[in-house]
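These figures come from a predicted structure and were not determined experimentally. In what follows, chains are A, B, ... by sequence order, proteins preceding strands, each numbered from 1.
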Amino acid sequence: MNSSAFKLYAVIVLLFASLVAQTSRWTVFEAEALRDNSLNRRELLAEQKIRRGRVLARDGQVLARSVEGRGGTFSRRYPLGELFAHPVGYSFIDISRYELEQERNDELTGERDDVGSIVDQLSGREREGDDVRTTLDVDAQRIAFGALGDQRGSVVAMEPQTGRIRVMASNPSYDPNALRRSGAFKELSGAANSPLLNRATVGRYPPGSTFKVLTAVAAIDSGEFSENSVVDGSSPKTISGAPLENFSNADYGPIPLTLALTKSVNTVWAQVGVDVGGATMQRYMERFGFYDRVEVDLPDGQRGRSGVYKRDGLKRMTDDSVDVGRVAIGQGDLLASPLQMAMVASAVANDGTLMKPTLTERVVDRDGRTVERVEPEELSQVMRPATANTVGDMMASVVREGTGTAAALAGFPVAGKTGTAELNVAQGINQPSFIGFAPRDDPKIVVAVSLENVQGTGGEVAAPIAKQVMEALLR
Amino acid sequence: MSPRNRELLALIPAGLLVTAGFAAVFIQQDELLSNVSLTYGAIFLALCFGAHVIVRMTLPHADPYLFPIVAVLASVGLVMIYRIDDELAREQAQWYVVGLVVFAATIVWLRDYTVLERYRYTIALAGIALLVLPRVPGIGAQVNGAYLGVNLGPVSFQPAELAKIAIVIFLASYLRDTRQVLVQGGRRLGRVQLPRLKDLGPLLVVWGAAMLLLVFIRDLGSSLMFFGAFLALLYVATSQLRWVVIGLGMFFTGAWFFTATVGHVQGRIDAWRDPFDPQLYEAKVSGSYQIAQSLFAQADGGLFGTGFGQAQLTLPCGAENCPRILPAADTDLIYALITNELGLFGAAAVIGLYLMFAQRGFKIAMLAGDAFSKLLAAGLAAVFALQVFVIVGGVTKLIPLTGVTMPFVSYGGSSIVANFVLLALLLTVSNRARAPR
């Protein structure tokens with residue numbers, strides 16, 4: 001009987017080994033899948049018990065914080081309400097997270113690597129979120145909203161040397177605090193004029209004549225043109241087999257490029273685009289970041305792509321369906337986000353080097369120690385510095401004596417370009433825009449303004465908004 | 001060193017563990033370490049020493065490791081239950097006291113356990129009566145679709161816990177007499193020697209009882225545990241695998257047939273096969289919510305666990321008694337909570353303790369001098385190990401989840417008392433086996 005008792009024990013050992021094997025299956029091998037299972041609410045419940053870090057403005061003003069509620073759980077408050085709904089976003093247990101709250105979730109919940117969390121566990125430290133210090137400027141943001149008034153549209157301002165975003169306004173906005181009420185999210189996502197949409201990063205606007213800056217860069221940097229090249233500016237003029245008119249059908253005759261930018265002569269720049277060609281235009285557009293998700297620290301879904309949108313999607317400049325001449329003047333189904341257009345001006349302002357736009361300056365723990373600093377990052381060398389200098393001069397003349405005089409500031413020379421995409425000529429409904437930077441000689445700030453469906457030109461309605469925001473940030 | 005001194009020394013880690021465990025839970029819950037944890041540890045240790053003294057006086061040669069293993073298991077269970085609900089832990093501690101008293105009484109009165117053989121049919125009848133008790137109208141209680149509990153006034157208990165010991169005693173005694181007959185084979189069919197039809201009688205009777213159990217108390221787990229213990233004993237008694245193969249074949253055929261007809265058992269099996277099916281997950285009765293939550297809790301634990309007292313137990317609701325995210329955390333699913341808080345390593349350590357217990361049990365069986373003692377020890381060790389396998393296997397989705405307790409760890413008076421009787425019997429057997437002759 002002893003040998004059979006021993007064999008029976010061996011069977012028990014095997015049975016128990018299978019228990020341990022099965023336990024390791026759930027705790028280790030399939031743990032990830034179980035945590036991601038949609039029925040599993042543990043992760044969400046656990047996160048609710050963590051004091052989420054604050055989101056701070058550049059000067060330390062609180063944009064988002066957590067308050068302790070019943071049962072040791074926390075919920076989110078947004079002291080400045082609508083002002084920073086974009087790009088801070090929201091974080092609520094039943095509607096998940098959005099924008100910066102989503103992108104910086106790991107930092108805000110204090111998610112450390114495995115070693116760090118084991119150390120925390122052993123030392124009995126309660127998990128706490130870190131604060132995210134943004135690059136955003138509260139006063140300038142408020143001024144941007146004030147200047148937008150009840151016009152739909154967006155304002156982006158950033159530092160050309162660092163890519164730090166100072167202003168990101170999207171109108172209409174919403175009060176993220178209201179989302180705590182159940183059902184509010186559903187109402188808001190169905191609301192007219194899409195307040196949940198961050199127009200600065202996912203808005204698609206026809207850039208109009210502001211895009212001529214990019215065409216000028218391509219023309220001059222490729223060596224095919226100089227600022228003094230003379231091109232025929234008569235109106236109407238046949239481009240890609242169809243007549244194209246200048247604004248008010250003004251006929252300029254042969255004029256040099258600097259003057260053609262100052263006066264925003266469509267026929268000249270469309271001609272330049274055709275001469276430079278789709279392939280070269282495509283190359284420069286990609287260097288500026290077109291065709292890719294716009295670079296900024298927001299979740300993928302909240303970073304739109306700029307480029308030529310045909311009925312069946314995004315088309316490259318070399319595609320037969322693309323009218324290169326009209327795209328060169330910001331028409332021809334070209335659509336760009338305000339942040340993308342700010343990046344165009346930013347590369348010109350920064351001697352041809354495009355810096356990666358960022359909303360985060362640094363991550364700070366509860367004790368005030370900087371955990372992570374977001375260093376300025378170079379995205380690409382778009383053009384030679386000489387080209388940047390030439391195009392900058394051309395843009396300066398736009399504000400000094402051309403269509404952009406409304407953006408001029410006392411004491412600071414401003415460089416810029418206006419744009420007016422006509423939606424309904426009869427009613428005078430346009431999509432006006434402006435991109436620019438100041439001071440011309442030592443650029444500190446880049447601004448892009450885009451408005452939806454309003455009367456007036458970019459020079460009349462968009463340039464004054466840019467002026468106010470630049471003024472606020474240069475003071 | 002004498003066995004008793006070894007036992008005494010081995011009790012010290014158990015006392016330290018319970019003290020450290022309570023301290024950890026205290027720190028987590030109150031953020032201050034009161035000396036209450038030391039008091040708990042001291043009381044626990046004192047009780048263990050008391051029992052140790054009785055063992056020292058009555059069973060000087062008994063196995064020295066079984067009691068300390070039980071003490072460690074008990075302290076793990078007590079700490080986990082305290083962490084869920086301190087009132088529950090106090091009741092559990094009282095049950096330990098009752099269990100220790102019954103333990104002491106058993107070893108004092110049953111020093112000559114061979115008297116049990118004389119009453120084997122009485123014991124068998126008592127065991128079967130205990131099993132059907134939950135179906136008796138008025139006192140029987142249905143929990144989650146299975147009939148496992150009995151309510152007698154304020155006290156409720158699970159008679160299956162005691163029944164398993166009664167049935168092992170009966171089988172050990174019965175098989176001691178009949179094993180020779182069972183070994184002698186009947187007709188040969190090629191190379192296989194078939195048992196004689198009349199020897200199949202007892203097998204058929206026990207199989208019938210197991211099936212009846214399945215239909216009657218509607219619990220696949222207890223049924224598997226009883227029948228498995230029977231097959232284990234049969235194998236030890238005859239050393240012939242054919243009985244086991246025939247028995248397993250009969251069991252699974254019967255189980256397959258009855259699960260299809262008994263609704264509750266079928267539900268448990270469906271929940272086992274696909275716990276994340278939304279319909280089963282939402283089902284109020286016989287659903288898969290428990291097993292799904294058990295797996296989620298284990299996934300939360302990882303290798304090292306979240307730490308004593310750290311697991312997410314309730315849904316946040318603001319009120320006093322929030323709904324549990326991990327149901328039955330103190331009884332059926334306590335292994336999931338252990339895995340959650342102590343991780344894979346902690347859970348494996350607990351399994352290791354049970355394996356050590358089983359190992360000591362089989363060791364006693366091998367050392368024992370007579371067939372009844374061997375069969376009794378092996379049977380008790382096997383039924384104990386199978387109970388662990390059935391509940392932990394259920395919680396880890398190795399087999400369908402059923403409602404048996406985790407011995408010495410789960411909350412529940414009848415489980416503790418019955419398992420202390422089991423421990424007392426094993427120690428008594430080992431005292432005789434190891435006594436110098």
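Contact annotation for B/L241: neither backbone nor side-chain heavy atoms come within less than 4.5 Å of a heavy atom of chain A. Neither the backbone nor the side chain of A/V11 comes within less than 4.5 Å of any heavy atom of chain B.
Residue with the most contacts toward chain A among B/F296, B/F362, B/F389: B/F296 (heavy-atom pairs, distance under 4.5 Å). The choice from B/A385, B/A378, B/A381 that makes the most heavy-atom pairs within less than 4.5 Å of chain A is B/A385. Of all the listed residues (A/S4, A/A33, A/A31), the one sharing the greatest number of non-hydrogen pairs under 4.5 Å with chain B is A/S4. Chain A forms more heavy-atom pairs under 4.5 Å with one residue of B/A377, B/A297, B/A237 than with any other, namely B/A297.
Interface residues of residues 347-356 of chain B toward chain A, defined by a heavy-atom distance below 4.5 Å and sorted by number: B/A347, B/A348, B/I351, B/Y354, B/L355. Within residues 17-25 of chain A, the residues having any heavy atom less than 4.5 Å from a heavy atom of chain B are, in residue-number order, A/S18, A/L19, A/V20, A/Q22, A/T23, A/S24. Within residues 390-400 of chain B, the residues having any heavy atom less than 4.5 Å from a heavy atom of chain A are, in residue-number order, B/V392, B/G393, B/T396, B/K397, B/L398.
Applying the side-chain contact (heavy atoms from CB on, under 4.5 Å) test to B/K374 and every residue at least two apart in sequence or in another chain returns A/M1, A/N2, B/A368.
Of the inter-residue distances, the one linking B/D300 atom CG with A/T27 atom OG1 reads 11.5 Å to the nearest 0.5 angstrom. Atom OH of A/Y9 is separated from atom CE of B/M366 by 9.0 Å, given to the nearest 0.5 angstrom.
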